[in-house]
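Given the structure is predicted, the values throughout are model-derived calculations rather than measurements. Positions are given from 1, in the same order as the sequence printed here.
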Amino acid sequence: MKILFLLSALFITSVSVSQNKKLDSLYQVLEKFTKQDTNRINTMIAICYYEHTSHPEKSKEMAEEILSISNDIHFIRGEGYGHRYIALYHWIKGNYAEGVKEGFKMLNVFERASNEIGMAKSYMVLGLLHEELRDFDQAKKYFLKALDINERKKLAYDIGYNLNSLGALHSSFLKYDEAEKYYLRSLEIRKKIADEEGMSQSYSNLAGVERERKNYTKALGYLQQTLIIGKKYNNKNRMAVAYMGMGKINGLIGKYDEGEHLLQQALAIAKQLNGKERIRAIYSELAALEEKRKNYKAALDFTKMQDEYEDSLFTEHRAEQIAELEVRYETEKKEQAIALLERDKKIETLWKNISVAGLFLVVFVSFAGSLFFRYRENKNRNLFNLQIDYLTEQNKEISIKYQQTITDVKGNNSEPQEQRLMKKVLVIVEKNIADPTFGVERMAEEMSMSRASLNRKLKEASRHSPSDFIRLVRLKRAASMIAGQVDSITQIGLAVGFNDHSYFSKSFRKQFGVSPSEYLSSIEKNEQQKYVEVPETFEVY
């Protein structure tokens, strides 16, 4: 017997390690998907499936990231499942009002997308939460809605869960024969599709029915099956359920020490999960066990602990909050239905009008499309020349005005003040063009002017601020060097004071309408055509 037990334990350990490896592999895949896209979201959803009962805090944190990314990229599945796993986190923690709120958000996402499978999963979450809230009518309504969709879609996995949930409801009504029928139907489906985790749930619930019938040996057998599968998949929630059930039965048959030991194991796991409802239930069983063996002091202590969790779970405020959410959701659904009806009428009228001109539109679009592609080809071929011609024409007046200023560095005392200023500024910028740290402060120092004075006078002379003026001189020098193909684009950027290639490219595009590489490509393509060169002189406008 001991050898059989050891072999069984070894088997459970090995498959548990295998399960952990699967989860580890998912985390490794997640590390590769660093981009905020659907690949990362779907991997996190798979991780939450395994983690939400064993590590709820980790699952909730991941669900919040799923929701954040999905909202940004408008990924419906991610939005729905983000709300799902946050709702299940609150279900495990006993925060049922918050869970219902997330459940309705999940349902709303899938309803807007007309995603029936997502809607069915939403109904299941809402059913679970209402069951914990002791609102059995609402829970049954949601479970039946989910079952209807899943049977139409022939989703065996989900049907198994629906039937199990309906069995749990009938157990709550003390209708154990009907409950057993649902549980056995659920177990049969789950065995066919090898859904072991689902089977463990069915075994656990069948154990509850047999316990109420006082068939304790059969009940313990079901719970042992539950525990084996729970350990195999490291499902701590299921393990806690199995230990609690076994502890309760041992207390009922007078094996108090064994019962207390099993209940304490269940309590330790429940505290790891911080599941308030589970902790409250275990304290209740511990109190009952201590009372049976006439240890009234311990029974009283456990009862006090049970009451503390009871008070934190069920309050009048939370009941009102749930009712308010129900009313708000139903109202929102009616408003959406009215809006959709009005929209459909408008669309119907619109389509009638459009159909009259349909044939003409097709012909027109085909003709316009051919013209557009021809136009775009010509536009791309001439883009560079058009941009440079525009800049040259725009700056022509200032170019003529300051041509003498730029070519005659020495100048004379009869020069206008604006010319002397422009000449000096251009000389200083040219001298420091390769220095990326050269800026307005240095320019002002070398001009022997205050920054405010420089800004005012340079704007009067050129209509540019000092920083814009420096950048424009750098960019035009870069354009000239690229046109001459004196070096690589990266080296040219450095040569004119841009130590960040990305910023250089962005600034160049903003100034000329094309990137440096597009600029160079245009020059190469137009070698046999008219060549438009960026002037060596720097017209500023």
Rounded distance [0.5 Å steps], [atom1] in [X] versus [atom2] in [Y]:
| X | Y | atom1 | atom2 | answer |
| --- | --- | --- | --- | --- |
| Glu79 | Asp72 | CD | CG | 9.5 Å |
| Ile492 | Arg477 | CD1 | CZ | 11.5 Å |
| Arg152 | Leu147 | CZ | CG | 10.5 Å |
| Asn115 | Leu107 | CG | CG | 11.0 Å |
| Glu151 | Ile149 | CD | CD1 | 11.0 Å |
| Lys145 | Leu126 | NZ | CG | 9.5 Å |

Notebook entry, point to check: Taking it one step at a time, do Ile76 and Val109 satisfy side chain to side chain contact (heavy atoms under 4.5 Å, CB included)?
Noted result: CA-CA 7 Å; Ile76 297 297; Val109 168; 3.9 Å; yes
Next item on the list: Please report the C-alpha distance between Glu197 and Asn235 in whole Å, then the side-chain angles of each, then the deciding distance to 0.1 Å, and finally whether the side chain to side chain donor-acceptor pair (under 3.5 Å) criterion is met.
Entry: CA-CA 8 Å; Glu197 288 201 274; Asn235 188 328; 3.2 Å; yes
Next item on the list: Please test Ile470 against Phe438 for side chain to side chain contact (heavy atoms under 4.5 Å, CB included), starting from the C-alpha separation and ending with a verdict.
Entry: CA-CA 9 Å; Ile470 294 170; Phe438 178 75; 3.9 Å; yes
Check: For Ile86 and Lys105, what are the C-alpha separation, side-chain angles and deciding distance, and is it a side chain to side chain contact (heavy atoms under 4.5 Å, CB included)?
Finding: CA-CA 11 Å; Ile86 294 174; Lys105 287 181 180 179; over 6 Å; no
Side-chain contact, heavy-atom cut-off 4.5 Å: [X] with [Y]?
| X | Y | result |
| --- | --- | --- |
| Met62 | Leu30 | yes |
| Arg238 | Thr53 | no |
| Ser465 | Asn455 | yes |
| Thr437 | Arg442 | yes |
| Tyr89 | Glu102 | no |
| Leu128 | Tyr161 | no |
| Ile45 | Arg77 | yes |
| Phe143 | Tyr123 | no |

Checklist line | Pair Lys457-Met447, side chain to side chain contact (heavy atoms under 4.5 Å, CB included): steps then yes or no | finding: CA-CA 12 Å; Lys457 290 184 178 181; Met447 289 288 291; over 6 Å; no
Give a yes or no answer on whether the side chain of [X] reaches the backbone of [Y] with a donor-acceptor pair at less than 3.5 Å.
| X | Y | answer |
| --- | --- | --- |
| His55 | Glu51 | no |
| Asn108 | Glu111 | no |
| His130 | Gly127 | no |
| Arg474 | Ile433 | yes |
| Arg40 | Phe33 | yes |
| Tyr519 | Ala479 | yes |
| Ser122 | Gly118 | yes |

Notebook entry, point to check: Given Thr490 and Ser488, is the side chain to side chain donor-acceptor pair (under 3.5 Å) satisfied, shown in steps?
Noted result: CA-CA 5 Å; Thr490 301; Ser488 69; 4.9 Å; no
Ignoring hydrogens and angles, write down the donor-acceptor pairs under 3.5 Å from the side chains of residues 500-509, residues two or more places apart or on other chains.
residue, atom, partner, partner atom, Å
Asp500, OD1, Ser502, N, 3.0
Asp500, OD1, Tyr503, N, 3.3
Ser507, OG, Tyr503, O, 2.9
Arg509, NH2, Glu518, OE1, 3.2
Arg509, NH2, Glu518, OE2, 3.4

Is the shortest distance from a Lys or Arg side-chain nitrogen in [X] or [Y] to a carboxylate oxygen in the other one below 4.0 Å?
| X | Y | result |
| --- | --- | --- |
| Lys93 | Glu98 | no |
| Lys153 | Asp158 | no |
| Asp468 | Arg471 | yes |

Tell me the closest heavy-atom pair linking [X] and [Y], and the distance in Å.
| X | Y | result |
| --- | --- | --- |
| Lys121 | Arg84 | CB-NH1, 3.8 Å |
| Asn499 | Pro436 | ND2-CB, 3.9 Å |
| Val440 | Ser467 | CG2-N, 3.7 Å |
| Ala87 | Leu129 | O-CD2, 4.5 Å |
| Phe110 | Met119 | CB-N, 3.7 Å |
| Ala495 | Met481 | CB-CE, 4.0 Å |

Checklist line | Plane angle bin for Phe104 and Tyr142 - parallel if under 30°, tilted between 30 and 60°, otherwise perpendicular | finding: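 Rings of Tyr142 and Phe104: perpendicular, as their planes differ by over 60°.
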Check: Just wondering, are more than 12 heavy atoms of other shown residues or ligands nearer than 6.0 Å to CD in Glu446?
Finding: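 Correct, the count exceeds 12.
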